[in-house]
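Here is the structure we will look at, set down as structure tokens.
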Amino acid sequence: MKIAFVGKGGSGKTTLSSLFIRHLAANEAPVVAVDADINQHLGAALGLAEDEAAALPALGAHLPLIKDYLRGSNPRIASADAMIKTTPPGRGSRLLRVTGDNPVYEACARTVLLDGEPVRLMATGPFTESDLGVACYHSKVGAVELCLNHLVDGPDEYVVVDMTAGSDSFASGMFTRFDVTFLVAEPTRKGVSVYRQYKEYARDFGVALKVVGNKVQGPEDIEFLQDEVGEDLLVTVGHSDWVRAMEKGRPASFELLEATNRFALQALQDAADDSYAHRDWGRYTEQMVSFHLKNAESWGNAKTGADLAEQVDPGFVLREGLEAPDAFDGGADAEEVVSPRPQSLRPAPQPA
């Protein structure tokens, strides 16, 4: 399952995403963790030293390699230079999977051991001095979107993405790439303001949104969140001495995390697992194609000098069970491919 953690800055989004990743690893589940926040803190939250976190390879710096690998032998893509962040896969494209090795993981992922259990960690990379004043952070996050568009995951496999804070998540179509989105909200008016924005923006896109109340101190906080977000409230999390020790660089074994917080993390996993029954690869493909066509028209065609609408393979649906996708040439598998139905998608409001 593909899972996003979103929320306003300071809500505890990265802390909760790191706890969820630890929880999955403790259950021996295959996990790819992605730090897609402009403030790169997920590595540290997973226990990396400052220099180790800073040494993580940046996805954005390896975009040419990522494009070249994912392009594969897709005849609709003339060159890797013609690919943009929303380029969808088609026949001949190479796909990523949670498990196994490939050149993208070799260049861009590092294995982190969490109480002895391995997790693949990837990061977009921070803003550099050369980026200031001339680059948009979403161009870096584009590498994540491109990978998600080409990633096939199954049940009991997890891709956990710590998204950029606030409504910046809507600056691309990446917010539609997830089976479930966990919005971390504090029990304050500011804390639920991002929830209202996210709920409104995501309304027409079938985004499964669940709220995780964080920094909850008592029944009044729970009542406030219930009044503000209603049935979208999944679970609440309170103070954690384990987290406090972890933030000081002195984490205990994860099995010593407070029982109430462990139950909360299990509720998140249960919600993620339940979302699998509602997975719709046809809609998933339709949405990536729709956003690609919008990006092509608004800036992609001018940037690449090509008609990027021609990259869309009308007979291809990303799904589980595709065999040897880098050499997909029709045959029995092709007969199972259903052409996406045309879909009118309301454009996502762009953050100011």
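- Here Gln269 pairs with Phe20, His23, Leu24, Asn27, Tyr158, Gln266, Asp273 under the side-chain contact (heavy atoms from CB on, under 4.5 Å) rule; sequence neighbours left out.
- Taking Lys190 as the reference, nothing meets the salt bridge (Lys or Arg N to Asp or Glu O under 4.0 Å) condition, with sequence neighbours excluded.
- For the side-chain contact (heavy atoms from CB on, under 4.5 Å) test with Met174, the passing option among Leu148, Thr86, Leu146 is Leu148; the others fail.
- Side-chain N or O atoms of Glu157 include one that pairs as donor or acceptor with a backbone N or O of Gly154 at under 3.5 Å.
- Through side-chain heavy atoms spaced under 4.5 Å, either directly or across other Ile, Leu, Val, Met, Phe, Trp or Tyr residues, Ile84 is tied to Trp299, Leu308.
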Using residues 232-243 as the side-chain source, report each donor-acceptor pair under 3.5 Å to any protein atom, sequence neighbours left out, with the distance given to one decimal.
unit_1, atom_1, unit_2, atom_2, d
Asp232, OD2, Tyr195, OH, 2.7
Asp232, OD2, Lys199, NZ, 2.7
His239, NE2, Asp241, OD1, 2.8
Ser240, OG, Trp242, N, 3.3
Ser240, OG, Val243, N, 3.0
Ser240, OG, Glu258, OE1, 2.8
Ser240, OG, Glu258, OE2, 3.3
Trp242, NE1, Ala252, O, 3.2
Trp242, NE1, Ser253, O, 3.1

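- For Ala80, the side-chain contact (heavy atoms from CB on, under 4.5 Å) partners at least two apart in sequence or on another chain are Lys67, Asp68.
- The minimum heavy-atom distance linking Arg76 with Pro314 is given by the pair NH2-CD, 3.4 Å.
- With sequence neighbours excluded, no residue satisfies salt bridge (Lys or Arg N to Asp or Glu O under 4.0 Å) with Asp221.
- With sequence neighbours left out, Lys215 forms a salt bridge (Lys or Arg N to Asp or Glu O under 4.0 Å) with Glu186.
- Salt-bridge check for Glu200 with Arg203: passed, with a basic side-chain N closer than 4.0 Å to an acidic carboxylate O.
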Got a list of side-chain donor-acceptor pairs under 3.5 Å for residues 45-65, not counting sequence neighbours?
unit_1, atom_1, unit_2, atom_2, d
Glu52, OE1, Ala49, N, 2.8
His62, ND1, Ala58, O, 3.0

Would you mind writing out the side-chain donor-acceptor pairs for residues 104-119 within the sub-3.5 Å range, not counting sequence neighbours?
unit_1, atom_1, unit_2, atom_2, d
Tyr105, OH, Arg97, O, 2.6
Arg110, NH1, Glu106, O, 3.4
Asp115, OD2, Phe254, N, 2.8

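- Residue pairs meeting the side chain to side chain donor-acceptor pair (under 3.5 Å) criterion with at least one partner in residues 142-151, sequence neighbours excluded, are Glu145-Ser172, Asn149-Arg177.
- Checked by atom type and distance alone, the side chain of Arg71 never pairs as donor or acceptor with a backbone atom of Arg94 at under 3.5 Å.
- Applying the side-chain contact (heavy atoms from CB on, under 4.5 Å) test to Asp81 and every residue at least two apart in sequence or in another chain returns Ser79.
- Partners of Glu320 by salt bridge (Lys or Arg N to Asp or Glu O under 4.0 Å), not counting sequence neighbours, listed by chain and number: Arg279.
- Asp162 places no side-chain N or O within 3.5 Å of a backbone atom of Asp35 that could act as its donor or acceptor partner.
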